[in-house]
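Note sheet for the following structure.
Lettering of chains follows the sequences in order, A, B, ..., and the numbering in each one begins at 1. Heavy atoms only: backbone and side chains are in, while hydrogens, waters and symmetry mates are out.
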Amino acid sequence: PTKQQTLGKFFGAP
Amino acid sequence: MLEAKLDQASILKKVVDAIKDLVQDCNFDCNDSGIALQAMDNSHVALVSMALKAESFQPYRCDRNIALGLNLTSLTKVLRAAQNEDMLTLRAEDAPDSLNLVFESKADDRISEYDLKLMDIDQEHLGIPETEYAATITLPSSEFRRICTDLMALSESVTIDASKDGVKFSCTGDIGNGAVTLRSHTNVDKPELNVDIELSEPVSLTFSLKYLVNFCKASALSHQVKICLSNEVPLLVEYALENQSHLRFYLAPKIGD
């Protein structure tokens, strides 16, 4: 089973 | 003020068409280097990053940074009034409440002009780190679209495996399994059909096909698409335009618990 990640986990606030 | 003229309205029509189902309201950020957009979809799984460089316009003028808050459904309605071959001029004041669009036919003396109301959009900007991807695959955009739509008939997700043997797109669904494997391939007569795989280490990642199929609406912009992967980071799908302009999509992976 895989879980959809969101982008916030990878891309931070600039 | 902003004044930006495209020789062909089709560029903006295709860009907006490719992203309007992912993002509804977004800012077109205009400065002296061009017009940029960064927006995430509502679920924060996918991100669109567009850059139309000043060189893609002739002329291009933007004295101050201007954010054009646009509803893409509304923009689509106005752009429908432009023929693909029309010249398109965007104009806005420094603190605009509307965007002026002029479409000029090259064949006759027809000029049409529209004013589109703007909105205040408080947009969340993400910092996208510079990434050295482990695998960069360049392939015909029509081939990528075909793979994604074919596999979506079987499954919600696709696993992309890039290795020295090639790149394999595979899926598992209720009715069965499917897989498409591509190897590097050079077509001297038709370079737009080339497949190029650059690999520094093997990669295996799983993504939602629903989003990938959505990205493929940009296929009309470019014969080739570049997909960049590294383990456990978002996928980059890039459609290159002339003059270093581009339309990029990022997609967060699906990762095992």
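- For B:Lys217, the NZ atom counts as densely surrounded, since its 6.0 Å shell holds more than 12 non-hydrogen atoms of other residues, nucleotides or ligands.
- Taken from CG in A:Leu7 to CG in B:Leu126, the straight-line distance is 7.0 Å, to the nearest 0.5 Å.
- Of the two parts of B:Ser157, neither the backbone nor the side chain holds a non-hydrogen atom closer than 4.5 Å to a non-hydrogen atom of chain A.
- Distance check, rounded to the nearest 0.5 Å: CZ of A:Phe11 to CE of B:Met40 gives 10.0 Å.
- Residues A:Phe10 and B:Pro129 form no side-chain contact, since every pair of their non-hydrogen atoms from C-beta on lies 4.5 Å or further apart.
- Between B:Lys254 atom NZ and A:Gln5 atom CD the span is 11.0 Å, to the nearest 0.5 Å.
- Counting heavy-atom pairs closer than 4.5 Å to chain A, the top residue among B:Ser43, B:Ala252, B:Ser208 is B:Ala252.
- To the nearest 0.5 Å, atom OH of residue B:Tyr211 and atom CD of residue A:Gln4 are 6.0 Å apart.
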